[in-house]
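Since the structure is predicted, the reported quantities are computational estimates derived from the model, not experimental observations. So that the names make sense, note that chain A is the first sequence line, chain B the second, and so on, each numbered from 1.
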Protein chains: 2
Amino acid sequence: MPSSTVEDYLKCIYLEAQRRDGMLPMGALARAMNVVPGTATAMVKTLSSDRLVNYRARVGVSLTDAGTEIALQVVRRHRLIELLLVQVLGLDWSEVHGEAEALEHAVSDRVIDRIDAMLGHPRVDPHGDPIPSPDGAFALVGTVSLAECPRKVPRTIVRILDQDPDFLLFAEKNGLMPGQKVTVVSRDKSSDAVEISVRKGKKLTLGSSAARKILVDEAS
Amino acid sequence: MPSSTVEDYLKCIYLEAQRRDGMLPMGALARAMNVVPGTATAMVKTLSSDRLVNYRARVGVSLTDAGTEIALQVVRRHRLIELLLVQVLGLDWSEVHGEAEALEHAVSDRVIDRIDAMLGHPRVDPHGDPIPSPDGAFALVGTVSLAECPRKVPRTIVRILDQDPDFLLFAEKNGLMPGQKVTVVSRDKSSDAVEISVRKGKKLTLGSSAARKILVDEAS
DNA sequence: CATTTTATTTTGACTAATCAAACTAGATGG
DNA sequence: CCATCTAGTTTGATTAGTCAAAATAAAATG
Ligand SMILES: [Mn+2]
Ligand SMILES: [Mn+2]
Ligand SMILES: [Mn+2]
Ligand SMILES: [Mn+2]
């Protein structure tokens, strides 16, 4: 069985590689894992000799099929746990990411299957992140953000691309959660601002980097 | 924060010391922790320098107040998790001890408080083991076992002193669970047997070591 | 192209947790 | 009391995961 450290590295490589194209540079991995670069290099070498990643010195790292499989299991556990904490135990969606970070390594398949069943085989977690099925499949949703979707057309929020508790609390307070309606009123290039209106016509202005974190559905 | 290894040692010392009198010998600790004696000695020395245990070479180990406090927190987490797994997620009582062994180190106070609230501040776990309150207090129950309680008097089972899945499955199959009624019919010294009758007058014979694991209430 | 900067790798060291095996300190007992 | 047994302790290694700092490769720049 992989240690929880190995699980975290694989999950991190998987999630970081979503953004970027091919190989994940060691510097990015080290930053994401909060370790010094030498530590990332050392770890990646052992992952490589275990055939969990492909490593090319001074280029970067990518997951093998075996590594992807483990990463997806960890992501599945993480997101099912988040949903359990929100829906069954009543924690706030801003708190659950941190909690799940530890619990994802401590739940067995048996327990995760029970959680999955009790929640009715959910497809997404509280932040709209997709939950891989036991065999690693999942649907991709909402690839357009408030920073680029058409204006004046009401949309439904489907996903939030940030786990930071402060951002999530802000989002929650302003009704920016999956399922909520939102319309982009205007955008201004120079001021980098996106003006939106949420439920009850409440207006709100976001910087574009925040707007980019809020994904809405494709179909109007 | 103590590592999960330290938490397990402290919990183990706490639980093993329940049986025995004063100091727990290193051999007993090593056996209970599944490590070689030298490992237990080394660990206990570091616990001792952290003021979590009192250690006297060639005598044994006992918990300090600080050590007891940690041990009780771990026991509290363990037992609340067991109850959650049984009552909310529907796992069998024979499975939950093993699951809780890992989860007890991964749940935060925040999560454990929510579990406690959701379960209605329970006093005992699925095996009848008492759940310490956040400040470490708990009630002692059922100090008499089927091996020594009076015969022919119906009793209620309050606690099972064994976490072995096989034993628990056996007990479950025969209705030997907390809350169930049971009566000792007869005992035989030479054959070491305890004959009991459970719900619906079903008869069953236990060896005395098994009988000693089933605790019943004091008052008839 | 030679030089400087930056990213990555290497080297050397450390901590926590463990085991195997050699070594006592006490108890047991003739 | 000496010999032996046994439980417990020491010593010497090992593994996983990490950091600091030196070394180096590659990229960027004048
Ligand atoms: Mn994690
Ligand atoms: Mn999430
Ligand atoms: Mn444990
Ligand atoms: Mn229990």
Reckon Ala40(B) touches a base, only the sugar-phosphate, or nothing at all at heavy-atom distances under 4.0 Å?
nothing
Checking only heavy atoms, does the side chain of Arg58(B) share a donor-acceptor pair with the base of dT24(C) at less than 3.5 Å?
yes
Thr5(B), nearest nucleotide to its side chain (from dT18(D), dT8(C), dT18(C))
dT18(C)
Closest to the Val36(B) side chain: dA20(C), dT9(C), dT18(D)?
dA20(C)
OP1 or OP2 of dT10(C) sitting under 4.0 Å from any side-chain N/O of Thr41(A)?
no
Nearest-Å distance, NZ (Lys45(A)) to P (dT18(D))?
16 Å
From CE of Met26(B) across to C1' of dA25(C) the rounded distance in Å is 15 Å
Assign Gly38(B) to base, sugar-phosphate, or nothing according to its heavy-atom contacts below 4.0 angstrom with the strands shown.
base
If I take atom CG in residue Asp8(A) and atom P in nucleotide dG17(D), what distance separates them, rounded to the nearest angstrom?
11 Å
With the side chain defined as heavy atoms from C-beta on, Val6(A) is closest, among dT18(C), dG17(D), dT9(D), to dG17(D)
Check Glu104(A) with Lys11(A), please: is the shortest side-chain N to carboxylate O separation under 4.0 Å?
yes
For Gly128(B) and Pro178(B), which heavy atoms make the closest approach, and how far apart are they?
N-CG, 4.0 Å
Using whole Å, what does the distance between atom C1' of nucleotide dA7(C) and atom CE of Met23(A) come to?
17 Å
Polar side-chain atom of Arg187(A) near backbone of Leu146(A) as donor-acceptor pair, under 3.5 Å:
yes
Are Tyr9(B) and dT18(C) close enough that a side-chain N or O sits under 4.0 Å from OP1 or OP2?
yes
How close or far is atom C1' of dA16(D) from atom NE2 of His105(A), stated in whole angstroms?
15 Å
Any donor-acceptor pair under 3.5 Å linking the side-chain atoms of His97(A) with those of His78(A)?
yes
State whether a side-chain donor-acceptor pair under 3.5 Å links Asp8(B) with His105(B).
yes
May I have the distance from Asn34(B) (atom CG) to dA17(C) (atom C1'), rounded to whole angstrom?
15 Å
Would you say Thr39(A) places a side-chain N or O within less than 4.0 Å of OP1 or OP2 belonging to dC19(D)?
yes
Value in whole Å for how far the P atom of dA17(C) lies from CG of Asp50(B):
10 Å
Arg56(A) CZ - dT8(C) C1' separation (whole Å):
14 Å
Quick one: label Ala57(A) by what it contacts on the DNA or RNA (base, sugar-phosphate, nothing), any heavy atom closer than 4.0 Å.
sugar-phosphate
If only side-chain N and O atoms of Ser3(A) are considered, is one of them under 4.0 Å from the OP1 or OP2 phosphate oxygen of dG17(D)?
yes
